[in-house]
Amino acid sequence: MAEQLTTRQENYSQWYNDLVIKSGLAENSAVRGCMVIKPYGYSLWENMRDVLDRMFKQTGHQNAYFPLFIPKSFLSREASHVEGFAKECAVVTHYRLKESPDGQGIIVDPDSKLEEELIVRPTSETIIWSTYKNWIQSYRDLPILINQWANVVRWEMRTRLFLRTAEFLWQEGHTAHQTEAEAVEETEKIINLYADFVENYMAVPVLIGLKSVAERFAGAVETYCIEALMQDGKALQAGTSHFLGQNFAKAFDVQFLSKENKLEYVWATSWGVSTRLVGALIMAHSDDRGLVLPPKIAPLQVVIVPIYRNEEQLAKVSEVAENIQKSLQVKNISVKYDKRDEYRSGWKFNEYEMKGVPVRITIGARDLENNQVELFRRDTLEKIQVACDSVVNEVENLLDNIHRTMFAKALAFREQNTYKVDTWEEFKNSIENKGGFVSAHWDGTPETEEAIKEQTKATIRCIPLNNPQEEGKCIYSGKPSKERVIFARAY
RNA sequence: CGGGAUGUAGCGCAGCUUGGUAGCGUGCUUCGUUCGGGACGAAGAGGUCGCAAGUUCGAAUCUUGUCAUCCCGACCA
């Protein structure tokens with residue numbers, strides 16, 4: 001019978017897990033906490049990566065590659081940085097194996113102990129800044145605008161496919177600047193670029209803001225973030241951009257001679273998004289039938305399914321289908337014609353709905369008689385009959401329409417699930433019973449933030465940029481506050 | 001690291017209480033009939049029951065140990 005997905009209402013995290021596996025995006029591997037990204041999932045990531053890569057290059061960045069391993073001593077140069085990552089680092093201590101003396105398998109050769117242990121990078125600030133030290137002498141060497149596509153390892157206690165895995169893929173940008181203003185400008189440019197990408201390609205609306213001190217990146221002066229709201233009412237941090245001040249320049253002694261012949265420390269930024277974005281995409285849009293993928297980054301935008309009773313009918317349908325396929329390909333639309341005979345059309349419908357293909361074209365003998373085909377849109381599940389000669393236009397418009405509809409739906413959801421509250425009782429009730437974003441006054445102290453977190457599991461997701469200033473009282477302490485911040489339970 | 005659970009065919013599970021021929025669903029292979037929303041029939045292939053020791057004539061089943069995984073906590077820029 002039908003292969004059913006656990007519904008979102010039954011068990012949201014089970015739904016998510018089932019969906020990732022059944023849609024063929026990824027699966028758990030033999031290594032605890034590490035996933036295998038399957039071709040369909042990797043193709044989605046490649047599309048996201050390609051768009052971002054283009055955006056980085058258009059804003060003057062170049063790609064480079066730095067080592068996977070970081071000497072242990074590097075990590076301890078910046079105090080708060082090591083504190084932030086120390087508890088989740090994988091460490092390489094030996095470089096050789098040998099046959100076990102008892103002949104049973106293989107052991108680590110105790111004679112191969114490394115002089116200095118190597119850390120598998122949890123992030124690359126340290127190795128990169130130790131390199132930048134060699135590259136920077138003069139203000140003429142600045143800015144350095146580099147991005148790297150890489151894998152990193154963070155030994156998380158509990159992992160979830162795409163959302164938190166021990167190893168994940170990401171990009172990390174690391175830039176070096178002459179002035180504080182220039183570095184801040186870069187940090188803001190990137191967070192806006194991320195928001196642009198997530199909204200205009202993934203169709204997920206985000207809030208842009210600053211992290212509180214407690215949520216700030218280890219080693220940063222200021223952390224900018226984009227926060228998205230998932231369908232279960234929990235927030236997901238979708239990307240971060242850090243203004244690092246001169247912290248890393250000082251830790252790695254990176255100075256330059258200015259135009260005025262003065263020795264100065266370099267100003268830095270770092271920023272990244274990861275395969276976690278795939279998780280965001282899934283949880284923001286998908287439904288109980290499967291994935292709903294935004295057209296601009298879907299691995300497959302259109303699938304054509306033939307309906308036929310015999311070889312003769314299939315031949316007729318195929319002629320039309322293959323013509324449509326070609327004319328869509330000319331428009332750079334990715335399209336697959338699935339005429340596999342071992343599966344029936346109904347099976348294929350369900351399969352492509354599970355996989356979230358935005359548009360399906362169905363062609364049967366009945367359609368050919370009327371010189372039309374049936375379009376099916378995954379987001380709203382609507383069927384539309386269109387004339388054969390207008391298919392290409394209709395599909396182009398539909399893909400565009402699907403993106404806008406998906407974004408509008410997600411935005412409406414966020415707006416319906418954002419609550420302004422002014423008292424502690426309302427706050428607790430909202431977090432506990434409604435979920436979503438809660439906009440509330442906060443006295444600005446880490447103590448209050450911590451107390452709220454302990455009592456409600458809600459954290460400050462961000463202090464929105466261009467936040468309207470208004471007088472108010474902290475919902476927890478009652479102390480005066482000048483602005484509202486966004487709270488939520490988060491992934 | 002604390003609490004709970006589970007390891008049996010690719011996947012999902014039953015069998016264990018009361019020891020005695022290794023089962024079901026799904027998937028896979030072949031053939032035939034089907035084909036406008038997950039078709040049906042027939043014939044097949046596939047398992048040292050996580051691992052190790054013990055009890056026994058005999059262990060998937062009982063005992064002990066061990067390893068692994070999952071869930072709930074703690075932890076999570």
Side-chain angles (χ1 to χ4, degrees), chain A residues 1-6 11 13-14 17-18 21-22 27-34 75 78 80-89 104-105 121-125 152-160 163-166 168 170 172 211-225 236-242 244 270-274 276 289-290 305-314 317 339-355 360-370 372-374 376 381 383 385 453-454 457 459 489-491:
Chain A
M1 270 321 285
E3 222 178 285
Q4 291 292 339
L5 214 52
T6 307
N11 184 339
S13 37
Q14 181 81 49
N17 228 349
D18 281 5
I21 290 166
K22 286 184 177 167
E27 62 190 32
N28 284 308
S29 71
V31 185
R32 195 199 73 95
C34 297
L75 218 62
E78 214 287 335
S80 64
H81 189 67
V82 67
E83 197 186 321
F85 287 106
K87 282 180 286 185
E88 50 188 40
C89 285
Q104 305 286 311
R121 61 181 166 214
T123 181
S124 303
E125 275 78 3
V152 288
V153 168
R154 296 181 190 177
W155 214 262
E156 301 286 357
M157 285 295 188
R158 190 179 297 170
T159 58
R160 293 192 67 191
L163 294 175
R164 183 177 295 112
T165 45
F168 56 90
W170 78 342
E172 46 182 327
K211 284 294 185 194
S212 64
V213 177
E215 300 281 324
R216 194 177 282 163
F217 176 72
V221 173
E222 198 74 87
T223 288
Y224 292 70
C225 64
L236 183 78
Q237 177 177 299
T240 46
S241 180
H242 315 290
L244 301 174
S270 72
W271 27 273
V273 295
S274 69
R276 183 177 231 212
R289 287 190 184 215
V305 177
I307 294 169
Y308 57 92
R309 287 171 192 277
N310 51 46
E311 285 296 320
E312 191 194 347
Q313 278 188 2
L314 177 61
V317 169
K339 59 173 178 179
R340 287 177 300 171
D341 192 44
E342 61 265 37
Y343 296 107
R344 305 169 88 217
S345 50
W347 190 92
K348 291 177 189 172
F349 295 166
N350 283 288
E351 178 70 6
Y352 292 111
E353 278 162 33
M354 182 67 81
K355 285 181 167 293
R360 183 185 78 219
I361 302 177
T362 312
I363 310 174
R366 195 201 293 161
D367 299 298
L368 294 185
E369 278 171 30
N370 300 320
Q372 64 175 30
V373 299
E374 180 185 274
F376 171 86
L381 307 173
K383 290 174 180 170
Q385 309 295 328
K453 183 180 178 181
E454 256 176 41
K457 291 184 184 162
T459 50
R489 285 185 182 162
Y491 277 97

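These numbers were taken from a predicted model, which means no experiment stands behind them. All values below were derived from every heavy atom in this structure, side-chain atoms included, with hydrogens, water molecules and symmetry-related copies excluded.
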Undergrad: Select base, sugar-phosphate, or nothing to describe what A/Arg360 touches, counting heavy atoms under 4.0 Å on all strands.
TA: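 It contacts base atoms.
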Undergrad: Starting at atom CZ of A/Arg344, determine the distance to atom C1' of B/C35, rounded to an integer number of angstrom.
TA: 5 Å
Undergrad: Which is true for A/Thr362 with a 4.0 Å heavy-atom rule: it touches a base, it touches only sugar-phosphate, or it touches nothing?
TA: base
Undergrad: With 3.5 Å as the limit, what N/O pairs link the protein to nucleotides 68-73 of chain B?
TA:
{"from": "B/C72", "atom 1": "OP2", "to": "A/Arg158", "atom 2": "NH1", "distance (Å)": "3.0"}
{"from": "B/G73", "atom 1": "N7", "to": "A/Arg158", "atom 2": "NH2", "distance (Å)": "3.3"}

Undergrad: According to side chain to side chain contact (heavy atoms under 4.5 Å, CB included), who are the partners of A/Glu156, at least two apart in sequence or on a separate chain?
TA: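 Result, side chain to side chain contact (heavy atoms under 4.5 Å, CB included) vs A/Glu156: A/Glu88, A/Arg154, A/Thr159, A/Arg164.
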Undergrad: Nearest to the side chain of A/Arg366 - B/G36, B/G37, B/C35?
TA: B/G36
Undergrad: Name the atoms and distances for all side-chain donor-acceptor pairs under 3.5 Å in residues 362-370 of chain A, with sequence neighbours left out.
TA:
{"from": "A/Thr362", "atom 1": "OG1", "to": "A/Arg360", "atom 2": "NE", "distance (Å)": "3.2"}
{"from": "A/Asp367", "atom 1": "OD2", "to": "A/Gly364", "atom 2": "N", "distance (Å)": "2.9"}
{"from": "A/Asn370", "atom 1": "ND2", "to": "A/Arg366", "atom 2": "O", "distance (Å)": "3.3"}

Undergrad: Send over the distance from A/Gln313 CD to B/C35 P, rounded to a whole Å.
TA: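 Rounded to the whole Å, the gap is 10 Å.
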Undergrad: Dot-bracket for RNA chain B, 5' to 3', with Watson-Crick and G-U pairs under 3.5 Å, [ ] for crossing pairs and | for other-strand pairs: what is it?
TA: ((((((((.[[[[.)....(..]]]].((((((.....)))))).....[[[[[..)....]]]]])))))))....
Undergrad: Taking only residues two or more places apart in sequence or in another chain, which ones pass ring pair (Phe, Tyr, Trp, His ring centres under 6.0 Å) with A/Phe168?
TA: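 So A/Phe168 forms a ring pair (Phe, Tyr, Trp, His ring centres under 6.0 Å) with A/Trp170.
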Undergrad: Please pick, from B/C76, B/C35, B/G37, the nucleotide with the shortest atom-to-atom distance to any side-chain atom of A/Ile307.
TA: B/C35
Undergrad: Between B/C51 and B/G7, how far apart are the two C1' atoms, rounded to whole Å?
TA: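 Between the two C1' atoms, the distance is 11 Å.
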Undergrad: Could you write nucleotides 4-14 of chain B as a row of B, S and -, 5' to 3', where a protein heavy atom under 4.0 Å of any base atom gives B, of only sugar-phosphate atoms gives S, and otherwise -?
TA: -----------
